[in-house]
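These notes are about the structure you will find just below.
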Protein chains: 2
Amino acid sequence: MAGFVSHFTNRLDAKGRVSIPAPFRAVLARDGFEGLYCIKSPHCAAVDAGGNELVSQIEKRWSEFDMMTPGHDALAVALFGASENPKIDGDGRMTISDMIREHTGITDQVTFVGLKYKFQIWEPEKFREYSAEAQKRALAMLSGQAPAPSRGEPA
Amino acid sequence: MAGFVSHFTNRLDAKGRVSIPAPFRAVLARDGFEGLYCIKSPHCAAVDAGGNELVSQIEKRWSEFDMMTPGHDALAVALFGASENPKIDGDGRMTISDMIREHTGITDQVTFVGLKYKFQIWEPEKFREYSAEAQKRALAMLSGQAPAPSRGEPA
DNA sequence: CGGGTTATTATGGGATACCATGGGAATTCA
DNA sequence: TGAATTCCCATGGTATCCCATAATAACCCG
């Protein structure tokens, strides 16, 4: 109904496990994907995660490339080679792999951020920085075409 | 019948709950959204809240941007990552989250302000200030072109 | 017109269910 | 066989559900 929305920060235990926020688990269950699909975000120090909806979105992008070009294989390597399928245990937890650790800088806490059709996995402090910047950027992007905005746009 | 109008101030109980004004609940029920959609207002110290109408308005703006651009994810983070979906209990109450507290300065009272297709959540004193300012600005805006007279808005 | 009665609403509080987290035991892999 | 993983259960804290009460507004009926 609502996709992945809002953000949550959970602790990583001694075994490297972390609880996936319950609201996100509910979305995943409805999506029907077994486990979780994870891929490095090309734009920032986060990992994109999701279920079938994310997978099909990625496959769609890939298939839009000409299959004959060498770039097709390269793209496949970039997309699927950089992916993982972590399991989700009975208590709704996943294990943070080395690949995720390296790409995000996660040590003892994890922030999950909903992006509707997918969610992102962040190191909390890095997310705070990115989020502040994203707010500014969003304001700039939206103010260009806002239908009925208020008057002045303060910083 | 006509969306969210008027404003109400309710008290926050020891558990951080507050009753959503009955007229607003009626609008939400008619809208059919499960729970409530909340997002920080970028322009002021308030939180925008609403149901499907607000959500679809936000989603529409988001989908107008090309999914390939790096800004797409940033926008999603700003729009959905910074949002929340508080539940509404059987008595028509919601819980004020830390995010709402921080952004609005709410401590023990909450003012709900109807804005037709959505409503805002304010700290009462901050709203009074903003409201006074808004009156002046509205007057200035209208005085240049308003054909219809009077229609004075009381405090 | 007025007295009484009911319905709705805001608020308080207790009980319960859910969730994040920790740790032990069993299992798998190298 | 040792290390890491997976499964299962325990627990504390929080949020949710449910019921009680008071105040207000709407209503009814004499």
Side-chain angles (χ1 to χ4, degrees), chain A residues 1-2 4-30 33-36 38 49 84-102 106-114 119 121-124 127, chain B residues 1 4-30 33-38 47 49 83-102 106-114 119 121-124 127:
Chain A
M1 174 66 73
F4 303 101
V5 172
S6 189
H7 68 273
F8 309 87
T9 298
N10 290 334
R11 245 193 318 280
L12 212 42
D13 71 11
K15 298 181 186 175
R17 298 173 301 181
V18 65
S19 291
I20 296 169
F24 288 8
R25 293 202 305 258
V27 176
L28 287 170
R30 204 174 50 78
F33 191 75
E34 187 69 20
L36 195 62
C38 291
E84 289 179 353
N85 284 88
K87 293 178 177 61
I88 299 178
D89 71 19
D91 297 332
R93 288 183 282 198
M94 65 178 288
T95 339
I96 299 297
S97 67
D98 289 345
M99 169 251 150
I100 297 181
R101 275 197 159 82
E102 285 169 22
I106 284 171
T107 57
D108 63 330
Q109 283 198 317
V110 182
T111 296
F112 297 85
V113 184
F119 64 89
I121 297 174
W122 283 87
E123 189 283 321
F127 170 67
Chain B
M1 252 317 148
F4 306 101
V5 291
S6 186
H7 69 270
F8 310 86
T9 298
N10 290 335
R11 239 193 328 277
L12 209 42
D13 72 11
K15 296 183 186 175
R17 298 174 300 183
V18 64
S19 290
I20 295 168
F24 288 8
R25 294 203 303 259
V27 176
L28 287 170
R30 202 168 48 79
F33 190 73
E34 186 71 18
L36 195 62
Y37 188 86
C38 292
V47 169
S83 303
E84 289 179 354
N85 281 99
K87 291 178 176 60
I88 300 178
D89 71 19
D91 299 331
R93 288 182 283 198
M94 64 177 289
T95 37
I96 299 297
S97 68
D98 288 345
M99 173 250 132
I100 297 180
R101 275 197 160 81
E102 285 169 22
I106 285 171
T107 57
D108 63 331
Q109 283 198 319
V110 182
T111 296
F112 297 85
V113 183
F119 64 88
I121 297 174
W122 284 87
E123 189 282 322
F127 171 66

If I take atom [atom1] in residue [X] and atom [atom2] in nucleotide [N], what distance separates them, rounded to the nearest angstrom?
X	N	atom1	atom2	result
Asp89(A)	dA20(C)	CG	C1'	12 Å
Ile88(A)	dT5(D)	CD1	C1'	16 Å
Lys87(A)	dC8(D)	NZ	P	15 Å
Phe112(A)	dC19(C)	CZ	C1'	14 Å

Worksheet item: Take atom CD in Glu34(A); do more than 12 heavy atoms of anything else shown fall under 6.0 Å from it?
Response: no
Item to complete: Please confirm whether the backbone N or O of Arg93(A) pairs with a side-chain atom of Asp91(A), one donor and one acceptor, at under 3.5 Å?
Response: no
Discussion item. Quick check against the 3.5 Å criterion: does Ser83(B) have a side-chain atom that pairs as donor or acceptor with the backbone of Ser6(A)?
Written reply: no
Fill in: Any side-chain heavy-atom pair of Asn10(A) and Pro21(A) under 4.5 Å
yes
Worksheet item: Which class fits the ring pair Phe8(A) and Phe24(A): parallel under 30°, tilted 30 to 60°, perpendicular over 60°?
Response: perpendicular
Distances under 3.5 Å only, N/O to N/O: pair up the protein atoms with those of nucleotides 9-13 of chain C.
unit_1	atom_1	unit_2	atom_2	d
dA10(C)	OP1	Ala22(B)	N	3.4
dA10(C)	OP2	Arg25(B)	NH1	3.0
dT11(C)	OP1	Arg11(B)	N	3.2
dT11(C)	OP2	Arg11(B)	N	3.4
dG12(C)	N7	Arg93(B)	NH1	2.9
dG12(C)	O6	Arg93(B)	NH2	2.8
dG13(C)	N7	Arg17(B)	NH2	3.0
dG13(C)	O6	Arg17(B)	NH1	2.8
dG13(C)	O6	Arg17(B)	NH2	3.3
dG13(C)	O6	Arg93(B)	NH2	3.4

Worksheet item: Hey, which of Phe112(B), Trp122(B), Phe127(B) is the one that makes ring-ring contact (aromatic ring centres under 6.0 Å, His included) with His7(B)?
Response: Phe127(B)
